[in-house]
Novice: 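Let me give you the structure first, and then I'll get to my questions.
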Number of protein chains: 2
Amino acid sequence: MTCYYFAAEKMNKPHKDIDTSTEEKIKKAARIVFHRKGFAGARTRDIAEEAGINLALLNYYFRSKEKLFDIIMLESLKGFMQSMTSVFHNPDTTIFEKVDVMANRYIDLLKEEPEIPLFIMSEMRHHPEKLIAEMKPRQFLMGSAFEQQFKAAVKTGEIKNVKMIHFIMNLLGMLVFPFIATPMLRSMTEMNDESWNSVLEERKKLIPQWIKLMFENH
Amino acid sequence: MTCYYFAAEKMNKPHKDIDTSTEEKIKKAARIVFHRKGFAGARTRDIAEEAGINLALLNYYFRSKEKLFDIIMLESLKGFMQSMTSVFHNPDTTIFEKVDVMANRYIDLLKEEPEIPLFIMSEMRHHPEKLIAEMKPRQFLMGSAFEQQFKAAVKTGEIKNVKMIHFIMNLLGMLVFPFIATPMLRSMTEMNDESWNSVLEERKKLIPQWIKLMFENH
DNA sequence: AAGTATTTTAAACAAATGATTAAAAAATAT
DNA sequence: ATATTTTTTAATCATTTGTTTAAAATACTT
């Protein structure tokens with residue numbers, strides 16, 4: 001028992017073909033299976049099969065299902081929150097420019113990995129203690145450029161006097177909900193891949209317009 | 001082995017204290033545990049403990065975990081879809097009256113059972129074949145009063161010319177997303193129960209206003 | 001009250017599943 | 001080339017978990 005996770009990073013090895021290494025194959029497979037089935041529904045055997053490796057290698061490289069899950073979850077959470085945080089903390093864009101960037105960036109991101117929001121929300125409900133701390137949700141809004149801009153704009157009457165959380169709920173709701181309710185929404189309207197995709201593309205432009213209409217004072 | 005589920009309905013028994021019967025105790029517990037942990041995460045022992053009954057009674061009354069789950073899921077799905085369907089098929093209300101009814105009815109419903117949306121969306125992702133058929137999603141919009149009204153209103157220019165699915169996505173997104181992302185949203189803003197509740201109450205009035213601003217032509 | 005049917009219980013079973021082991025294979029170092 | 005270390009494999013273990021069984025307790029019928 002020599003080479004567990006991070007071992008390769010502690011020693012500085014040649015790191016040949018990192019993307020085809022066994023460790024990376026397992027992580028990639030774990031991402032797919034965990035995203036699709038969640039922690040409880042995913043079996044280590046599913047992951048091993050998806051990765052095309054022997055079951056024992058999972059424990060050899062990552063010690064346990066839970067440790068592997070923690071790594072995948074942390075990465076997913078980072079990917080999901082990071083763009084959001086950087087946008088909201090950027091002082092060089094206006095409120096509505098932020099919305100624009102969010103819409104474009106998030107719809108592209110979620111088209112690549114559509115299961116991420118439901119995965120994160122589910123696991124966050126099932127193990128809140130563990131994940132809420134990891135997410136550092138306080139730093140997301142509190143003291144952000146967005147918060148300051150929002151409060152200022154309410155004061156000047158530029159935008160309507162409603163709680164900031166409504167703004168966030170509406171933006172994220174319109175952005176993320178389609179990816180959470182995909183099976184329901186798609187079967188309701190019997191959309192094929194192409195028209196589903198075009199609806200998502202339309203929303204990149206429409207969501208910023210809608211947000212303006214909702215919150216801007218005219 | 002005599003009395004499985006439905007047996008009591010086939011024979012017509014006195015049905016004394018139906019709400020405290022063992023069968024009902026199990027269903028109530030199953031609802032709580034399945035909603036909280038999902039099918040894969042829920043153990044029959046959890047349900048038995050929650051119900052305060054012997055583990056074997058679960059199989060005695062419902063044959064299997066899966067059969068019990070199917071019953072709970074069907075009821076949850078009905079509760080979630082039914083109000084929606086009846087609103088959207090009502091020809092006696094305008095589009096925006098429908099939105100108003102939806103907002104009030106759904107926020108009240110989801111305040112009672114906040115885990116339902118995430119539960120349904122998760123399980124629908126994990127077993128789509130099984131659930132999509134059960135949901136009859138085609139009949140939900142297709143041929144509804146809402147569909148006719150929407151198309152007519154677009155033609156007269158009363159509302160903007162955007163696909164109907166955007167309307168549904170936005171309405172449901174704004175309505176349901178707060179209940180899906182509760183842990184994230186609440187920890188972001190550090191709201192206590194009271195202020196969280198008041199935000200939800202505010203949304204009953206605000207969502208209809210927002211929907212008007214988004215889709216009505218001015 | 002006795003007999004029968006129903007419900008409940010404790011115990012055990014069987015399959016699934018996360019994890020480990022010890023040996024084989026492959027890679028690396030000397 | 002040989003020795004050593006690292007990686008991979010097949011088999012097995014130990015626990016968890018859905019389900020069953022057989023007996024005990026309770027309710028119901030006549």
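What you are looking at is a predicted structure, and each value in this text was computed from that prediction instead of being measured. All values below come from the heavy atoms of this structure, side chains included, with hydrogens, waters and symmetry mates left out. The sequence lines fix the lettering, A, B, ..., with proteins before strands; numbering per chain opens at 1.
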Novice: Check the surroundings of atom NZ in A/Lys111: do more than 12 heavy atoms from other residues, nucleotides or ligands lie under 6.0 Å from it?
Specialist: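 Count over threshold, so yes.
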Novice: How many Å lie between CZ on B/Phe69 and P on D/dT17, as a whole number?
Specialist: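 It works out to 17 Å between those atoms.
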Novice: What integer distance in Å separates B/Lys67:NZ from D/dT19:C1'?
Specialist: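 Whole-Å distance recorded here is 12 Å.
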Novice: Just do the ring pair (Phe, Tyr, Trp, His ring centres under 6.0 Å) check on B/Phe150 and B/Phe167 with the steps written out, would you?
Specialist: CA-CA 10 Å; B/Phe150 191 92; B/Phe167 191 101; 5.7 Å; yes
Novice: Starting at CD of A/Glu49 and ending at C1' of D/dA10, how long is that distance when rounded to a whole Å?
Specialist: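 Interatomic distance, CD of A/Glu49 to C1' of D/dA10: 17 Å.
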Novice: Once each nucleotide of nucleotides 8-19 of chain C is scored for protein heavy atoms under 4.0 Å, what B/S/- sequence comes out, 5' to 3'?
Specialist: BBB------BBB
Novice: Do A/Phe39 and A/Phe69 have ring centres separated by under 6.0 Å?
Specialist: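 Yes: the rings meet the under 6.0 Å criterion.
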Novice: Quick check: does any side chain N or O of A/Asp46 sit under 3.5 Å from a backbone N or O of A/Arg43, one acting as donor and the other as acceptor?
Specialist: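 Yes; judged by distance alone, with no hydrogens or angles, the pair exists.
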Novice: Angle, rounded to 10°, between the helical axes spanning five pairs at each terminus of the helix from C/dA1-D/dT30 to C/dT30-D/dA1?
Specialist: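 The value is 10°.
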Novice: Consider only side-chain N and O atoms of B/Arg203 and B/Asn104, and report whether a donor and an acceptor are under 3.5 Å apart.
Specialist: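 Distance-only check fails for B/Arg203 and B/Asn104.
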Novice: Working to the nearest 0.5 Å, report the span between CZ of B/Arg125 and NZ of A/Lys37.
Specialist: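 It comes to 14.5 Å.
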Novice: If you count the non-hydrogen atoms of other residues, nucleotides and ligands that lie under 6.0 Å from CD in B/Glu97, is the total more than 12?
Specialist: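 Above 12, so yes.
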Novice: Quick one: do A/Lys65 and A/Thr44 satisfy side-chain hydrogen bond (donor to acceptor under 3.5 Å, both in side chains)? Show the steps, please.
Specialist: CA-CA 7 Å; A/Lys65 178 189 177 186; A/Thr44 53; over 6 Å; no
